[in-house]
Asks: 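The structure under discussion is supplied below as structure tokens; questions concerning it will follow.
Proteins get letters first, then strands, A, B, ... in listed order; numbering begins at 1 in each.
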Amino acid sequence: MAKKPKTAITPVRSDNYPEWYQQVIKAADLAENSSVRGCMVIKPWGYGIWENIRTHFDAIIKKRGVQNAYFPLLIPKSYLEKEAEHVDGFAKECAVVTHHRLEDDGAGGLKPAGELAEPFVIRPTSETIIGESFSNWVQSYRDLPLKINQWANVMRWEMRPRLFLRTSEFLWQEGHTVHATAECAATEASEMLEIYANFAENMLALPVIMGEKTPDERFPGAKHTYTIEAMMQDGKALQAGTSHDLGQNFAIASDIKFSNQDGHVVHAHTTSWGISTRLIGGIIMAHGDDDGMIVPPKVAAQQVVIIPAVHDEADREAIMEKCLGLKLVLETISFDNIMISAVIDDRDEVTSTKSWNWIKKGIPVRVEIGKREIEGNQVFFKRRDESPREKHIMPEDEFLGSIADILLSIQNNLLERAKSYRAQKMKKIDSLDEIFNYFKSEDAGFANIPHSLWDEGLSEKMKTDFSVSPRCLPIIDGELSDRLIIARSY
RNA sequence: CGGGGCAUAGCGCAGCCUGGUAGCGCGCUACACUGGGGGUGUAGAGGUCGUAGGUUCAAAUCCUGCUGUCCCGACCA
């Protein structure tokens, strides 16, 4: 018999963090590489998280008066050329469609035939094509503000793809708004940033730093780029969401203008903001442990797995009946306005194997139902935020009465845990020597330094010697700080 | 795009140096025993060794090109 590993995932985080990350994705059955370069297949357990992110975020923006719409995947190359900085920023990572037909190549294969007069790029982001529509939709100040969102896939031909964090194709939402004044656009961009920050903390248990990007890290063509930065367990930063105040740059490029109350025709002010499937990578790296994934209850595809433990075939029917009953009742219960979803794992496997499978997937609560539970009218369960050895036994009524609190407590524990390791790996530093010293360590985290220290020379040195870049100037109580957060990043 | 590693069964790998009938572990299938911490046994299925070419009587093995993948770098709203 093979020796049981102490942890479900090999290697452990402390041995090889990048490899651990990939192993967790595999063990949790979240996604896999496809045969298409740089593109991933998101499997049900991973896609379920995205569906929940989508559902909850969609509700939030709709309350703000944002409407969903859909724009084309293909963008005429010339559109992209309208905004000079935008071209520079995205040109290198665009996939280009140059032909529109395939025909027999005479050798049993197919070859592209009709060459397009003007090539299309596959959207790397949709500012330009949406701007084209907006220019028609907006005529009067009465049409503003215009708030549109689309849930879509985009494509960026990345040099080095990593599952969820940087894939050639990924899923996201991109919000695009048009405003009459610079102030309105600025407010929209700031409010969306706060919404992202709250969403990350409340739904994903992911504490983030809100801030503004320095000019060199800005979205190409933006006036201000705001970001939420999360810390992963290796101390690296992950940009988890962005909001851009585009000023009039894109309005001018796309000719979005309107008649104001004075009868003058003026260019509008626009914003755009997005979150993507990258968030799932963030969840993995923020919460996962050496036994695999830990999914925050609020975004888990299922919160509870019920595992029947049948020793004696004679008990099977009674056990299955109890499992089914439990599932039905659980699914009438909600926690923080989210309906619980439960799954019965009735695969023909040894109970412990099933249990470990679900540990690796990171389902918040595992329930095991056997003869004992039926006789004692009780529920045996374990929590993913606790050690796999820790058991709980509760009368069934009590369990059903407290499951909502249990899930909320798991959600909260994940957030507190993440906050605590972030606090440990965040350091306020005021001198150059200390900065160099700090980042000599491989597992350095975020350094909080005076913005005034950051000049071109330091930037260059930090980048080449330490792979450290500026993450953001934190925004605290609506005010831009004079400090700068720098860190290694994904 | 630069430097390096790897490519053999679904997954993980050995075999290659020194060319000669395709191997192991896990997983999978069937049956039985099992089952509350990753179980046991028996019997099976599954691979034109990434791809194209070269050397050779003979290539998984040697040589060349290509492709994919991983790591480091560059790049990354």
Asks: Is there a side-chain contact between Ile363(A) and Arg384(A) (heavy atoms, below 4.5 Å)?
Replies: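 Not in contact.
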Asks: Taking the C1' atom in each of C6(B) and C16(B), what is the distance between them to the nearest angstrom?
Replies: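 Going atom to atom, C1' in each nucleotide, I get 14 Å.
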Asks: Give me the distance, rounded to whole Å, that separates C71(B) from C26(B) when you measure between the P atoms they each carry.
Replies: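 Going atom to atom, P in each nucleotide, I get 28 Å.
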Asks: Using atom CG of Asn33(A) as one end and atom P of G10(B) as the other, report the distance to the nearest whole Å.
Replies: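 The distance from CG of Asn33(A) to P of G10(B) comes to 17 Å, rounded to the nearest Å.
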Asks: At under 4.0 Å between heavy atoms, what does Arg389(A) touch on the DNA or RNA strands: base, sugar-phosphate, or nothing?
Replies: base
Asks: Of all the nucleotides listed (G38(B), C76(B), G36(B)), which has the minimum atom distance to the side chain of Thr353(A)?
Replies: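 In terms of side-chain proximity for Thr353(A), the closest of G38(B), C76(B), G36(B) is G38(B).
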Asks: Tell me the partner of G2(B), counting only Watson-Crick (N1-N3 plus N6-O4 or O6-N4) or G-U wobble (N1-O2 and O6-N3) with both under 3.5 Å; none if nothing fits.
Replies: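 In the structure as shown, G2(B) has C72(B) as its Watson-Crick or wobble partner.
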Asks: For Phe170(A), report the nucleic acid contact type (base, sugar-phosphate, nothing); a contact means any heavy atom under 4.0 Å.
Replies: base
Asks: Students often get this wrong, so: under 4.0 angstrom with heavy atoms, is Gly241(A) touching a base, only sugar-phosphate, or nothing?
Replies: nothing
Asks: Taking the side chain of Trp356(A) as heavy atoms from C-beta outward, which of G38(B), C71(B), G73(B) is closest to it?
Replies: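 Taking heavy atoms from C-beta onward, the closest nucleotide is G38(B).
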Asks: In whole angstrom, what separates Ile25(A)'s CD1 from C11(B)'s P?
Replies: 17 Å
Asks: Take atom P in A59(B) and the same atom in A52(B), then report the distance between them in whole Å.
Replies: 15 Å
Asks: What integer number of Å spans the C1' atoms of C49(B) and G12(B)?
Replies: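 Looking at atom C1' only, C49(B) and G12(B) are 16 Å apart.
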Asks: Using whole Å, what does the distance between atom C1' of nucleotide C31(B) and atom CG of Asp348(A) come to?
Replies: 12 Å
Asks: Once salt bridge (charged side-chain N to carboxylate O under 4.0 Å, His left out) is applied, what residue pairs with a partner in residues 275-288 of chain A remain, sequence neighbours excluded?
Replies: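 Matches after skipping sequence neighbours: none remain.
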Asks: Pick base, sugar-phosphate or nothing for Trp172(A), based on heavy-atom distances below 4.0 Å to the nucleic acid.
Replies: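 Result for Trp172(A) = base.
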Asks: What integer distance in Å separates Tyr17(A):OH from C70(B):P?
Replies: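 Going from OH in Tyr17(A) over to P in C70(B) covers 18 Å.
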Asks: Mind checking if Lys371(A) touches a base, just sugar-phosphate, or nothing, with heavy atoms under 4.0 Å?
Replies: base
Asks: Indicate yes or no: does Lys77(A) engage Glu81(A) in a salt bridge with an N to O separation below 4.0 Å.
Replies: yes
Asks: If you look at every heavy atom in Ala268(A) and Val178(A), which pair is closest and at what distance?
Replies: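 Scanning both residues completely, I find the closest heavy atoms to be CB-CG1, 3.3 Å.
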Asks: Taking pairing as Watson-Crick or G-U wobble with both contacts under 3.5 Å, can you name the mate of C62(B), or confirm there isn't one?
Replies: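 Partner of C62(B): G54(B).
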Asks: Expressed as a whole number of Å, how far does the P atom of G19(B) sit from that of U56(B)?
Replies: 16 Å
Asks: Please find the pair of heavy atoms, one from Asp29(A) and one from Trp45(A), that lie closest to each other, and give the distance.
Replies: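 Nearest pair, atom of Asp29(A) first, then Trp45(A): O-CB, 3.7 Å.
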Asks: Strictly by Watson-Crick or wobble contacts shorter than 3.5 Å, is anything paired with C33(B), and which nucleotide is it?
Replies: G39(B)
Asks: Please report the distance, rounded to the nearest Å, between OH in Tyr490(A) and P in C71(B).
Replies: 11 Å
Asks: Tell me the interatomic distance from Glu375(A), atom CD, to G36(B), atom P, rounded to whole angstroms.
Replies: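 One finds 17 Å between P of G36(B) and CD of Glu375(A), rounded.
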Asks: Can you tell me the distance, in whole Å, between the CD atom of Gln23(A) and the P atom of C11(B)?
Replies: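 Going from CD in Gln23(A) over to P in C11(B) covers 13 Å.
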Asks: Can you find a side chain N or O atom of Lys463(A) that sits less than 4.0 Å from OP1 or OP2 on A74(B)?
Replies: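 For A74(B), neither OP1 nor OP2 has a side-chain N or O of Lys463(A) closer than 4.0 Å.
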Asks: What do you reckon, is CD of Gln67(A) surrounded by more than 12 foreign heavy atoms closer than 6.0 Å?
Replies: no
Asks: Write down the partner of G44(B) under the Watson-Crick or G-U wobble criteria, each distance required to be under 3.5 Å.
Replies: C28(B)
Asks: Reading RNA chain B from 5' onward, which residue's closest nucleotide shows up sooner: Glu313(A) or Pro18(A)?
Replies: Glu313(A)
Asks: Any N/O pairs under 3.5 Å between the protein and nucleotides 25-28 of chain B? List them or say none.
Replies:
none

Asks: Let me know the distance between CD1 of Ile307(A) and C1' of G38(B), rounded to the nearest Å.
Replies: 12 Å
Asks: Work out how far the P atom of A43(B) is from that of C24(B), and round it to whole angstrom.
Replies: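 The same atom, P, in both gives a distance of 14 Å.
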Asks: Any donor-acceptor pair under 3.5 Å linking the side chain of Glu174(A) with the backbone of Gln150(A)?
Replies: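 Checked: no pair found.
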Asks: The side chain of Thr351(A) is closest to which nucleotide in this list: G36(B), C76(B), G12(B)?
Replies: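 Of all the options, the side chain of Thr351(A) is nearest to G36(B).
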Asks: Name the closest nucleotide to the Gln22(A) side chain, picking from G35(B), C76(B), C70(B).
Replies: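 Of the candidates, C70(B) comes closest.
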Asks: Hey, which of these two, Lys26(A) or Ser352(A), hits RNA chain B nearer its 5' end, going by closest nucleotide?
Replies: Lys26(A)
Asks: Using purine N1 to pyrimidine N3 plus N6-O4 or O6-N4 for Watson-Crick, or N1-O2 and O6-N3 for G-U wobble, each under 3.5 Å, what pairs with C17(B)?
Replies: none
Asks: Contact class for Glu127(A) vs. all strands (heavy atom < 4.0 Å): base, sugar-phosphate, or nothing?
Replies: nothing
Asks: Using side chain to side chain contact (heavy atoms under 4.5 Å, CB included) as the criterion, list what pairs up with Thr98(A), not counting sequence neighbours.
Replies: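 Partners of Thr98(A) by the side chain to side chain contact (heavy atoms under 4.5 Å, CB included) criterion, ordered by chain and then number, come out as Val96(A), Pro119(A).
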Asks: Roughly how far apart, to the nearest Å, are G4(B) and A74(B) at atom C1'?
Replies: 15 Å
Asks: Please report the distance separating the P of G41(B) from the corresponding atom of A9(B), rounded so that it comes out in whole Å.
Replies: 25 Å
Asks: Could you check whether atom CD of Glu386(A) has more than 12 heavy atoms from other residues, nucleotides or ligands sitting under 6.0 Å from it?
Replies: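 Yes, the 6.0 Å shell around CD holds more than 12 heavy atoms from other groups.
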Asks: Taking a pair as Watson-Crick or G-U wobble with both distances under 3.5 Å, which nucleotide is matched to A7(B)?
Replies: U67(B)
Asks: Take atom CD in Glu390(A); do more than 12 heavy atoms of anything else shown fall under 6.0 Å from it?
Replies: yes
